[in-house]
J.: 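Shown below is the structure under consideration.
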Amino acid sequence: MKTLILIIGTVVLSTLNTRATNKTSTFSTVIITEAISDNDLVKVYDWNVETNSAVYSGTSLSIEHAKEMIRLTSSGELINGSKIESYFVLKTEAKDNSKRNYFWEVETATGFAKGYSSTEGYAHKMIQLVSSGDAIVSKKIISQLQQ
């Protein structure tokens, strides 16, 4: 009986002690909202074209530019399918070049190479390095927004 009273007393005291040392905090329920108007948004067009040799994709700021990019990237190839989708993004994100990738492709008289770079200047440099001492037959640089 004594042990039962000691066990119950220990449980009660440890519970009270735990509540006494733990600091209870209240959470703030304030919600911060930022108004976005139509002037802050821009329509962006994602384009994708599948040809008999590769799949190309990118982002354009107009439907005409998207169609032109599909025409340029698929020139001389058979088109299996193409798609253009539009969506809205903040103007600040659409114009931020730090979030872009640049697809580059070069064909020379003796070979073919392609890749991605983080800047347009680096894409030109890679084309120059890959094709050094060779006649360039064709080259492409396509800018696309990272998602």
Side-chain angles (χ1 to χ4, degrees), residues 7-8 10-147:
I7 291 173
I8 292 173
T10 306
V11 171
V12 170
L13 286 175
S14 60
T15 305
L16 291 174
N17 191 24
T18 303
R19 289 186 183 204
T21 57
N22 287 344
K23 181 179 178 182
T24 57
S25 59
T26 57
F27 295 104
S28 174
T29 57
V30 176
I31 298 173
I32 299 171
T33 59
E34 188 173 324
I36 298 175
S37 68
D38 289 342
N39 294 334
D40 297 330
L41 298 175
V42 65
K43 199 171 200 178
V44 175
Y45 299 87
D46 262 355
W47 56 269
N48 186 330
V49 62
E50 182 179 339
T51 66
N52 57 338
S53 63
V55 175
Y56 304 101
S57 63
T59 305
S60 298
L61 294 176
S62 70
I63 189 78
E64 294 81 18
H65 187 260
K67 289 177 181 178
E68 179 68 13
M69 293 306 293
I70 288 174
R71 187 186 66 75
L72 287 173
T73 56
S74 62
S75 63
E77 300 178 17
L78 295 174
I79 297 176
N80 296 336
S82 66
K83 177 175 64 170
I84 299 175
E85 294 179 328
S86 65
Y87 58 93
F88 289 97
V89 296
L90 291 172
K91 282 183 181 178
T92 55
E93 289 182 9
K95 294 180 180 182
D96 185 7
N97 286 337
S98 67
K99 294 184 178 179
R100 294 192 180 274
N101 279 331
Y102 291 85
F103 171 78
W104 57 269
E105 181 178 290
V106 64
E107 183 180 352
T108 65
T110 59
F112 176 80
K114 59 184 174 180
Y116 286 93
S117 66
S118 57
T119 65
E120 186 176 3
Y122 190 65
H124 285 289
K125 187 174 183 174
M126 288 304 296
I127 288 173
Q128 185 181 31
L129 288 171
V130 170
S131 63
S132 63
D134 229 350
I136 295 177
V137 176
S138 70
K139 70 177 179 178
K140 297 177 190 174
I141 297 178
I142 303 168
S143 168
Q144 59 187 41
L145 190 64
Q146 296 177 7
Q147 296 179 4

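Along the sequence shown, the residues carry numbers beginning at 1.
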J.: Side chains of residues 124-131: which donor-acceptor pairs under 3.5 Å do they make with residues two or more places apart or in other chains?
T.:
| residue | atom | partner | partner atom | Å |
| --- | --- | --- | --- | --- |
| Ser131 | OG | Ile127 | O | 2.6 |

J.: If we ignore hydrogens and angles and just use 3.5 Å, is the side chain of Asn48 paired with the main-chain N or O of Ser82 as donor and acceptor?
T.: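 Not at all, since once roles are kept as given, no pair shorter than 3.5 Å links the two residues.
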J.: Just how far is it from atom CH2 of Trp47 to atom NE2 of His65, taken to the nearest 0.5 Å?
T.: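 Answer rounded to 0.5 Å: 8.5 Å.
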J.: Check this for me: does any side-chain nitrogen of one of Lys67 and Glu64 sit under 4.0 Å from a carboxylate oxygen of the other?
T.: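 Glu64 and Lys67: not salt-bridged.
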J.: If you round to the nearest 0.5 Å, how far is CD1 of Ile70 from CD1 of Ile84?
T.: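 The CD1 atom of Ile70 is 4.0 Å from CD1 of Ile84, to the nearest 0.5 Å.
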J.: Is the count of non-hydrogen atoms from other residues, nucleotides or ligands lying under 6.0 Å from Tyr122 atom OH greater than 12?
T.: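 No, because the 6.0 Å sphere around OH of Tyr122 holds 12 heavy atoms or fewer from other groups.
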J.: Compare every heavy atom of Thr51 with every heavy atom of Tyr56, then report the nearest pair and how far apart it is.
T.: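 Smallest interatomic distance, heavy atoms only, reads CE1-OG1, 4.0 Å.
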J.: Whether the side chain of Ser74 engages the backbone of Glu77 through a donor-acceptor N/O pair (distance < 3.5 Å, no angle test) should be reported.
T.: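 Checking the backbone N and O of Glu77 against the side chain of Ser74, no donor-acceptor pair under 3.5 Å is found.
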J.: According to side-chain contact (heavy atoms from CB on, under 4.5 Å), who are the partners of Leu78, at least two apart in sequence or on a separate chain?
T.: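 Testing Leu78 for side-chain contact (heavy atoms from CB on, under 4.5 Å), a comparison that skips the adjacent residues, returns Asn52.
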